[in-house]
Protein chains: 2
Amino acid sequence: MRIGELSHRTGVPTRLLRYYEEQDLLHPERGDNGYRRYPESAVADVQQIRGLLDSGLTTEMIRAILPYLAGPGELHPPAECVTPETAALLHGHIERIQSRIDCLARNRDRLSAYLAAVRPHPR
Amino acid sequence: MRIGELSHRTGVPTRLLRYYEEQDLLHPERGDNGYRRYPESAVADVQQIRGLLDSGLTTEMIRAILPYLAGPGELHPPAECVTPETAALLHGHIERIQSRIDCLARNRDRLSAYLAAVRPHPR
DNA sequence: CTTGACCTTCACACTGATGTCAGGCTCCGA
DNA sequence: TCGGAGCCTGACATCAGTGTGAAGGTCAAG
């Protein structure tokens, strides 16, 4: 599909789709006329990117982990070419994500506790 | 304590401590000489703010929820003055935080799964 | 063949979080 | 009393993520 349809189906402005490509997060092909052509899977890819950006990750971090985020099942980057360094990097990313989760969960709990304490019988 | 000590104890540059004040996240008193004076609790406050910023929240969102994040025990903003509108706003914030957590957790799981699949016997 | 919708690149501008620097005040120790 | 360390405010710069617009190419429908 072309950029307009992808934008329309994901709700992401074309400006950003081009930006994500510039940031190496998307890799559409080009038709003979120079138009970008996206595969069907790009819709999910874009939603994935949006979710991660909204969650506070930078494009740099997303670029680093995106290749390893294929759905459960097929290993997209083959196991053979994963060096120990890569594995360590990935592990670092996982830990950074985890600490974000911990922080958010802790504060979500505090907010919930406050709300529960203030309004014990919500109805 | 003054801003220098707070900066030194939290690792946050004075520039940011002043910025957080400008953003209404910190409220130090002022001495006769115009110097900011922070209570001991500011150390924890600053760490809280940093954690939330690092987790992708904006100062605006932090400003909205910060009053309700006192430790478990005392209700800092008294229950009486919590209107249903405020409660609804808080609930919205909780949901936004939750969706971030969900997104991050989902991707953490994918990364972990990939790592586990690639290196079944890590030692 | 023209019109309009869609695409291209390029560029400038904005916001939020942050870095950095300048000019001036306060305070303490030599 | 002087010097330096620490504080003040204010301004400008940077970076990432976005918004917006100009100038022009492509294509299908009338």
Side-chain angles (χ1 to χ4, degrees), chain A residues 1-39 42-43 45-66 93 96-97 99-100 103-104, chain B residues 1-39 42-43 45-66 93 96-97 99-100 103-104:
Chain A
M1 87 195 70
R2 288 178 303 177
I3 199 171
E5 183 182 348
L6 181 58
S7 168
H8 167 252
R9 283 174 62 183
T10 58
V12 176
T14 60
R15 170 68 174 89
L16 289 189
L17 297 177
R18 298 197 181 100
Y19 175 67
Y20 298 156
E21 177 181 0
E22 184 187 319
Q23 294 298 307
D24 234 33
L25 304 182
L26 293 176
H27 309 91
E29 303 188 340
R30 296 298 183 118
D32 291 351
N33 49 12
Y35 288 12
R36 291 168 178 81
R37 293 193 55 247
Y38 296 89
V43 175
D45 292 345
V46 169
Q47 285 160 348
Q48 174 77 292
I49 293 169
R50 282 304 325 168
L52 292 171
L53 274 176
D54 287 343
S55 300
L57 273 63
T58 64
T59 56
E60 180 184 6
M61 199 165 165
I62 298 175
R63 176 169 49 249
I65 67 176
L66 206 50
H93 284 305
R96 267 187 294 280
I97 290 175
S99 71
R100 279 169 151 85
C103 177
L104 291 173
Chain B
M1 84 195 73
R2 287 177 304 178
I3 198 170
E5 183 181 349
L6 181 58
S7 169
H8 167 253
R9 284 172 62 181
T10 58
V12 176
T14 60
R15 171 67 174 90
L16 289 189
L17 297 177
R18 299 197 181 99
Y19 175 67
Y20 298 156
E21 177 181 359
E22 184 187 319
Q23 295 299 307
D24 235 32
L25 304 182
L26 293 175
H27 309 91
E29 303 187 340
R30 295 297 182 120
D32 291 349
N33 49 13
Y35 287 13
R36 290 168 178 81
R37 292 192 53 246
Y38 297 89
V43 174
D45 292 346
V46 169
Q47 284 160 349
Q48 174 76 294
I49 292 169
R50 283 303 326 165
L52 292 172
L53 275 175
D54 287 343
S55 300
L57 274 62
T58 64
T59 56
E60 181 185 5
M61 198 163 165
I62 298 176
R63 176 169 49 249
I65 65 176
L66 206 51
H93 284 305
R96 267 189 293 282
I97 290 174
S99 72
R100 278 169 150 84
C103 177
L104 290 172

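Letters go in sequence order (proteins before strands), and every chain restarts at 1.
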Inset, instruction - Take Y35(A) and Y19(A), find for each the nucleotide of DNA chain D with the closest heavy atom, and name the residue whose nucleotide sits nearer the 5' end. - result: Y19(A)

By side chain to side chain contact (heavy atoms under 4.5 Å, CB included) - contacts of [X] (at least two apart):
{"X": "S99(B)", "value": "none"}
{"X": "R50(A)", "value": "V12(A), L16(A), Y20(A), V46(A), L53(A), D54(A)"}
{"X": "E5(A)", "value": "M1(A), R9(A)"}
{"X": "T14(B)", "value": "I3(B), S7(B), R18(B)"}

Legend entry - Min side-chain heavy-atom separation L66(A)-Q48(A) under 4.5 Å: yes

Inset, instruction - Determine whether M61(B) and I97(B) make a side-chain contact, defined as any pair of heavy atoms from C-beta on separated by less than 4.5 Å. - result: yes

Using 0.5 Å steps for rounding, measure from the [atom1] atom of [X] to the [atom2] atom of [Y].
{"X": "L17(B)", "Y": "L6(B)", "atom1": "CG", "atom2": "CG", "result": "5.0 Å"}
{"X": "L25(B)", "Y": "E60(B)", "atom1": "CG", "atom2": "CD", "result": "11.0 Å"}
{"X": "R2(B)", "Y": "R36(B)", "atom1": "CZ", "atom2": "CZ", "result": "13.0 Å"}
{"X": "T59(A)", "Y": "L52(A)", "atom1": "OG1", "atom2": "CG", "result": "11.5 Å"}
{"X": "L104(A)", "Y": "L104(B)", "atom1": "CG", "atom2": "CG", "result": "6.5 Å"}

Legend entry - Positions of residues 45-55 of chain A (non-hydrogen atom under 4.0 Å from DNA chain D), listed by number: R50(A), L53(A)

Legend entry - Residues touching DNA chain D, which here means a heavy atom under 4.0 Å, drawn from residues 21-29 of chain B: none

Inset, instruction - Please say whether more than 12 non-hydrogen atoms of neighbouring residues, nucleotides or ligands are located less than 6.0 Å from NE2 in H8(B). - result: no

Legend entry - Short side-chain to backbone donor-acceptor contact, R100(A) and G56(A), under 3.5 Å: yes

Inset, instruction - Anything under 4.0 Å to a heavy atom of chain A counts; send over the first and last such nucleotide of DNA chain D, read 5' to 3'. - result: dA16(D) to dC27(D)

Inset, instruction - Just call it for R18(A): base, sugar-phosphate, or nothing, with non-hydrogen atoms closer than 4.0 Å on any strand. - result: base

Inset, instruction - Assign R2(B) to base, sugar-phosphate, or nothing according to its heavy-atom contacts below 4.0 angstrom with the strands shown. - result: sugar-phosphate

Legend entry - Outermost DNA chain C nucleotides near chain A [under 4.0 Å, heavy atoms]: dC6(C) to dA11(C)

Legend entry - Contact nearer the 5' end of DNA chain C, comparing T59(B) with N33(B): T59(B)

Inset, instruction - Using the test side-chain hydrogen bond (donor to acceptor under 3.5 Å, both in side chains), find all partners of T10(B) that sit at least two apart in sequence or belong to another chain. - result: none

Legend entry - Terminal axis angle for the helix from dC1(C)-dG30(D) to dA30(C)-dT1(D), five pairs an end, nearest 10 degrees: 10°

Legend entry - Positions of residues 8-15 of chain B (non-hydrogen atom under 4.0 Å from DNA chain C), listed by number: P13(B), R15(B)

Legend entry - Qualifying salt bridge (Lys or Arg N to Asp or Glu O under 4.0 Å) pairs, either residue in residues 23-32 of chain B, two or more places apart: E21(B)-R30(B)

